[in-house]
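The structure appears below as structure tokens.
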Amino acid sequence: MVKKGTYRVKTGLAEMLKGGVIMDVTNLEQAKIAEDAGAVSVMALERVPADIRAAGGVARMADPAIIEEIMNGVTIPVMAKVRIGHFVEAQILEALGVDFIDESEVLTPADEEHHINKWDFKVPFVCGCRNLGEALRRIGEGAAMIRTKGEAGTGNVVEAVRHMRAVMDEIRRLQNMPEEELMTAAKNLQAPYELILECRRLGRLPVVNFAAGGIATPADAALMMQLGADGVFVGSGIFKSENPPARARAIVEAVTHYDDPDVLARVSKKLGEAMPGLEISQISAEQMLQTRGW
Amino acid sequence: MKIGVLSLQGDVREHLLMLERIGSQGIIVKKKKDLNSIDALIIPGGESTTIGQLMEKERLIEPIRKLAQEGMPMYGTCAGLIVLAKKVSESNQPLLNLMDIEVRRNAFGRQRESFEADIEIKGFKTPFHAVFIRAPWIEKANAKVDILAEFNGKAVMAQEKNLLVTAFHPELTDDTRIHRYFLEIVKRS
């Protein structure tokens with residue numbers, strides 16, 4: 001019996017991406033630069049988050065023609081984003097044959113209460129989180145991979161750090177808890193009890209967890225890896241910088257050798273200007289992307 | 001027996017856990033010096049283009065080739081199969097250029113087509129539950145290469161002396177037989 005679209009093949013693809021960098025691209029030329037630099041996957045978009053932020057208005061799924069062009073032009077897996085709760089955009093991406101769907105707070109939410117029931121799909125989903133409860137709710141809905149949200153399009157790593165630390169701290173706390181406190185933990189975290197037990201047993205999330213949102217330098221990427229990320233998403237950080245190919249290659253090496261400061265020092269040299277950063281306190285509450293979804 | 005797992009990118013942890021389960025010691029290999037202390041090498045699943053480029057940057061290709069030619073057992077899963085091959089159809093990505101096979105990448109299709117199936121493996125008494133993820137197949141093989149398993153007429157597991165490859169991922173299952181089979185090759189070498 002041949003079984004397609006099982007949870008094992010979905011989470012399995014995420015396992016294969018570990019130790020890698022997933023890069024946002026808006027056209028085939030950028031996708032090829034990313035592939036040549038050693039990206040494990042590309043995220044096909046119409047605009048990178050920094051431009052989405054600047055443009056304002058409603059941000060939606062990209063034009064399928066752009067996604068298809070990228071799918072046909074590179075050999076690595078191609079991801080694309082749908083709005084939170086917009087299961088029809090997800091049906092469209094599945095029909096296109098996209099390899100991974102990101103139900104993303106970077107786009108304008110289509111549903112402020114419900115995320116997509118990801119069990120309905122054969123294509124795996126990655127979803128954002130700010131803490132353990134949010135991660136486990138998404139996994140409960142069928143997400144095969146998690147990424148911490150950070151604050152996309154800022155080039156400022158502070159929120160990514162906050163969210164990764166939150167997830168890891170909560171897991172460590174679960175591991176040290178007496179058993180009778182676990183149901184209360186599930187209640188407080190608003191997370192499925194079985195997944196709480198699994199996190200405690202594994203000492204990590206039950207699926208792969210990447211860092212995202214604000215990573216702009218090789219040092220940022222290595223920082224997220226040392227804090228416990230399985231890999232990183234780099235959005236605006238590459239193609240909004242002065243020298244995208246060099247920066248992309250450097251971030252790929254930094255993720256592999258994240259615990260080797262000599263390599264990090266070497267790859268951090270002469271990369272040109274990083275993307276201009278944005279101070280979080282300069283962003284008004286309604287402009288924050290991370291608070292979209294629950 | 002110290003078995004290195006090439007740890008540039010991919011599902012390294014799953015191979016290390018598998019080795020632990022069969023009572024062997026897995027060693028992380030990222031740099032040339034890490035090759036000095038190992039008796040065998042596993043190249044994990046991951047993105048073959050990424051792993052190839054990182055091998056090139058770390059100048060690992062020649063040292064690994066030399067060790068394989070001297071007889072060190074090596075086992076590649078999925079991306080590892082691709083990297084161990086002499087040729088990849090329609091690609092000029094960096095390879096170890098060791099096993100006399102031509103490989104087609106993503107041959108079974110994109111992620112939507114990824115699948116699980118029970119397959120027969122030569123010498124195994126019962127079927128093996130194989131997990132294929134954007135998997136390659138072996139398009140052509142030299143007569144010296146022993147094809148150990150096929151799926152729908154496509155070669156998905158093969159051995160050429162000290163080199164073993166699978167297009168699927170035993171490390172994503174609880175079945176330790178292929179890793180134990182590899183350990184036997186290591187013990188004999």
Side-chain angles (χ1 to χ4, degrees), chain A residues 1-22 34-41 71 74-79 93-101 121-124 144 202 204 208 230-231 249-250 252-253 255-260 262-263 266-267, chain B residues 6-15 17 28 30-31 44-58 77-80 82 88-91 93-94 105-106 108-119 127 129-136 151-152 168-169 171-173:
Chain A
M1 254 270 281
V2 175
K3 282 195 211 149
K4 291 182 186 175
T6 60
Y7 196 54
R8 177 146 55 182
V9 302
K10 290 179 179 176
T11 53
L13 178 57
E15 301 289 352
M16 299 312 143
L17 301 174
K18 277 187 302 197
V21 183
I22 300 166
E35 185 176 45
D36 289 342
V40 288
S41 175
M71 284 168 56
V74 295
T75 62
I76 55 179
V78 175
M79 303 189 173
L93 292 186
E94 182 168 67
L96 286 177
V98 159
D99 296 291
F100 234 110
I101 297 173
F121 293 81
K122 291 219 181 302
V123 170
L202 294 168
R204 57 174 170 82
V208 166
D230 291 316
R249 281 195 300 271
V252 168
E253 266 195 272
V255 167
T256 295
H257 300 287
Y258 65 90
D259 53 358
D260 186 335
D262 293 328
V263 174
R266 173 171 58 76
V267 304
Chain B
L6 189 66
S7 306
L8 299 173
Q9 191 273 317
D11 70 336
V12 174
R13 178 176 66 206
E14 285 60 36
H15 279 287
L17 289 172
I28 287 176
K30 282 192 184 184
K31 305 200 151 184
E47 268 311 306
S48 62
T49 48
T50 306
I51 294 172
Q53 285 165 33
L54 286 163
M55 280 197 308
E56 224 170 30
K57 274 182 201 157
E58 276 305 315
T77 58
C78 196
I82 295 166
V88 176
S89 315
E90 293 153 35
S91 163
Q93 64 193 88
R105 284 184 60 198
N106 306 334
F108 289 100
R110 305 193 74 93
Q111 176 60 17
R112 220 171 33 179
E113 309 302 323
S114 293
F115 65 98
E116 303 181 38
D118 289 334
I119 62 168
H129 190 72
V131 181
F132 292 85
I133 294 171
R134 288 173 47 96
F151 180 78
N152 284 351
F168 50 93
H169 297 280
E171 75 279 12
L172 292 183
T173 71

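Lettering of chains follows the sequences in order, A, B, ..., and the numbering in each one begins at 1. When reading the values below, keep in mind they use all heavy atoms of this one structure, side chains included, and skip hydrogens, waters and symmetry mates.
Proximity to chain A (any heavy atom under 4.5 Å) is shown, for B:K30, by both the backbone and the side chain. Proximity to chain A is limited to the side chain of B:L54, based on heavy atoms less than 4.5 angstrom apart. For a residue to count as touching a neighbouring chain, one of its non-hydrogen atoms must lie under 4.5 Å from one of that chain's; by this rule A:D260 touches chain B with the side chain only. Only the side chain of B:F151 has a heavy atom closer than 4.5 Å to any heavy atom of chain A. For A:A14, no part lies near chain B; criterion is any non-hydrogen pair under 4.5 Å. Of the atoms belonging to A:V40, heavy atoms from both backbone and side chain fall under 4.5 Å from chain B. For B:S114, the parts lying near chain A are the backbone and the side chain together; criterion is any non-hydrogen pair under 4.5 Å. Of the two parts of B:S48, neither the backbone nor the side chain holds a non-hydrogen atom closer than 4.5 Å to a non-hydrogen atom of chain A. Looking at B:E56, neither its backbone nor its side chain comes within 4.5 Å of chain A, counting heavy atoms on both sides. Of the two parts of A:V255, neither the backbone nor the side chain holds a non-hydrogen atom closer than 4.5 Å to a non-hydrogen atom of chain B.
Checking B:R105 against B:S91 by side-chain atom types alone, no donor-acceptor pair falls below 3.5 Å.
Side chain of A:E94 to backbone of A:V123: a donor-acceptor contact under 3.5 angstrom is found. No donor-acceptor pair under 3.5 Å is formed between the side chain of A:E35 and the backbone N or O of A:V74. Remark: side-chain polar atoms of A:S41 are paired, donor with acceptor, to backbone N or O of A:P77 under 3.5 angstrom. Side-chain N or O atoms of B:D11 include none that pairs as donor or acceptor with a backbone N or O of A:E15 at under 3.5 Å.
Atom CG of A:L202 sits in a crowded spot, with more than 12 heavy atoms from other residues, nucleotides or ligands closer than 6.0 Å.
When each of A:K3, A:R8, A:M71 is checked for heavy-atom pairs under 4.5 Å with chain B, A:R8 comes out on top. Highest contact tally toward chain A, considering only B:R13, B:E113, B:E58, B:H169, is held by B:R13 [criterion: heavy-atom pairs under 4.5 Å]. Comparing B:E116, B:E47, B:R112 by heavy-atom pairs within less than 4.5 Å of chain A, the highest count is held by B:E116. Heavy-atom pairs under 4.5 Å with chain A peak, among B:I133, B:I51, B:V131, at B:I133.
Partners of B:R134 by side-chain hydrogen bond (donor to acceptor under 3.5 Å, both in side chains), not counting sequence neighbours, listed by chain and number: A:D99.
When all heavy atoms of B:I82 and B:V88 are compared, the pair lying nearest together is CG2-CG2, 3.7 Å. Across all non-hydrogen atoms, the minimal contact from A:F121 to A:K10 is O-NZ, 2.6 Å.
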